[in-house]
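Reading through the structure tokens given below for one structure.
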2 protein chains.
Amino acid sequence: MVVRLGRRLIAMEEPILADHGISMWAYVALSGLEDGPTRTQAALASAIGADKTRLIPVLDDLQRRGLITREADPADRRVRLLGMTPAGRKLHAAVRADIRAAEEALLASAAEKDRAAFLAVLEALDQGR
Amino acid sequence: MVVRLGRRLIAMEEPILADHGISMWAYVALSGLEDGPTRTQAALASAIGADKTRLIPVLDDLQRRGLITREADPADRRVRLLGMTPAGRKLHAAVRADIRAAEEALLASAAEKDRAAFLAVLEALDQGR
DNA sequence: GTAGACCGTAGGCACATGCATACGATTCAA
DNA sequence: TTGAATCGTATGCATGTGCCTACGGTCTAC
């Protein structure tokens, strides 16, 4: 049941992401960067459950488009610190708003009082990390 | 967030399925057969969101192990009707019980009153199909 | 009677993913 | 100082998946 639900949610997100011209992993990476302080690539990969090697082209593209910054860390020359640009923040907010709206429509079939609970449980599970 | 949750749930299910010696798709197929009347392979594939061609070896294995039946439909000689055997039912029930228990443990971090609501919303979304 | 659609089956192709390896550069601990 | 670990980067391998094609057999509609 959960697998099927997950697939539906992903299928729902795909056209939204395409409209905004970004991939799912790009969106997830932006979300990860927004959630916390400036991060190393390894930390971001770990935080969003991505393979660090597969994340490279994603980050390359985001950087190329001016959505993230990627700067050497003076405290550790092996590391590149990632940050979001204002343009990145703006795009991310727009995508998230659209996705939220679509999720709301999907949840319309559920009782209204259950929705907040559903989201609360999702959050709790997510925090449990 | 949902993608991550889905991955966690799948990661949780994997050892349980391995303990019982069946694959995820086998379990999903058994669930699909249990949910409804005897089905054609095409209908089952559609119902569980599987690729019909990829389902063939799964069904082959289930049949070999005596967990499902697969019989010609006298009304349409192209078709093979699938059914569950008692052994299949038994295995499926055991796996499901274990998965439910593990899900309960996972949900333990959420407020108790929210759990029923969470499951209710999941069901509603699933019925929405 | 015929053409098109469907069933189950087998296999191919392109792509994504998890995991691994390897590298140069850097850092850290002994 | 040295060896091991880590970072980011690039690539390979095995596997899984979505989609497709093709086939023989069967069914349906005209």
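Every chain is numbered from 1 and lettered A, B, ... according to where its sequence line falls, protein lines coming before strand lines. Because the structure is predicted, anything quoted here is derived from the model rather than measured.
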With B:Arg96 as partner, the option from B:Glu103, B:Glu34, B:Glu13 fulfilling salt bridge (charged side-chain N to carboxylate O under 4.0 Å, His left out) is B:Glu34
Give a yes or no on whether the backbone of A:Val79 and the side-chain of A:Thr40 come within a donor-acceptor separation of less than 3.5 Å. no
C:dT17 OP1/OP2 closer than 4.0 Å to side-chain N/O of A:Trp25: yes
Does this structure show an ion pair linking B:Asp60 with B:Arg64, if we count only N-O contacts that are shorter than 4.0 Å? no
Hydrophobic cluster membership, B:Leu33 vs B:Leu81, 4.5 Å side-chain cutoff: no
Interface residues of residues 58-82 of chain B with DNA chain C (non-hydrogen, below 4.0 angstrom): B:Arg70, B:Arg78, B:Val79, B:Arg80
Stepwise side-chain contact (heavy atoms from CB on, under 4.5 Å) test for B:Ile68 and B:Leu30: CA-CA 8 Å; B:Ile68 62 166; B:Leu30 289 175; 3.9 Å; yes
Rounded to the nearest angstrom, tell me the gap between atom CD1 in A:Ile48 and atom C1' in C:dT17. 14 Å
Rounding to a whole Å, what distance do you find between B:Leu55:CG and C:dG8:C1'? 11 Å
Whole angstrom value for the distance that separates C1' of D:dT15 from CD of B:Glu14: 13 Å
List the steps, then state whether side-chain contact (heavy atoms from CB on, under 4.5 Å) holds for B:Leu91 with B:Tyr27. CA-CA 9 Å; B:Leu91 179 64; B:Tyr27 175 68; over 6 Å; no
Can you tell me how far C1' of C:dC15 sits from CE of A:Met24, to the nearest Å? 14 Å
Polar atom pairs between nucleotides 11-13 of chain C and protein, under 3.5 Å, N or O only, would you list them?
unit_1: C:dG11; atom_1: O6; unit_2: B:Thr53; atom_2: OG1; d: 3.1
unit_1: C:dG12; atom_1: O6; unit_2: B:Arg54; atom_2: NH1; d: 3.3
unit_1: C:dG12; atom_1: O6; unit_2: B:Arg54; atom_2: NH2; d: 2.6

Under 4.0 Å between a side-chain nitrogen and a carboxylate oxygen: does that hold for B:Asp73 and B:Arg78? no
Look at the side chain of B:Ser46 and the backbone N and O of B:Ala42, then say whether any donor-acceptor pair between them is shorter than 3.5 Å. no
d(NZ, A:Lys52; C1', D:dT6) in whole Å: 8 Å
Whole angstroms only, please: what is the CG-P distance between B:Leu44 and C:dT9? 12 Å
CZ of A:Arg39 versus C1' of D:dC7: gap in Å, rounded? 16 Å
Begin with the C-alpha distance, continue with both residues' side-chain angles, and end with the deciding distance and a verdict on side-chain contact (heavy atoms from CB on, under 4.5 Å) for A:Lys52 and A:Gln41. CA-CA 7 Å; A:Lys52 70 174 182 180; A:Gln41 288 175 209; over 6 Å; no
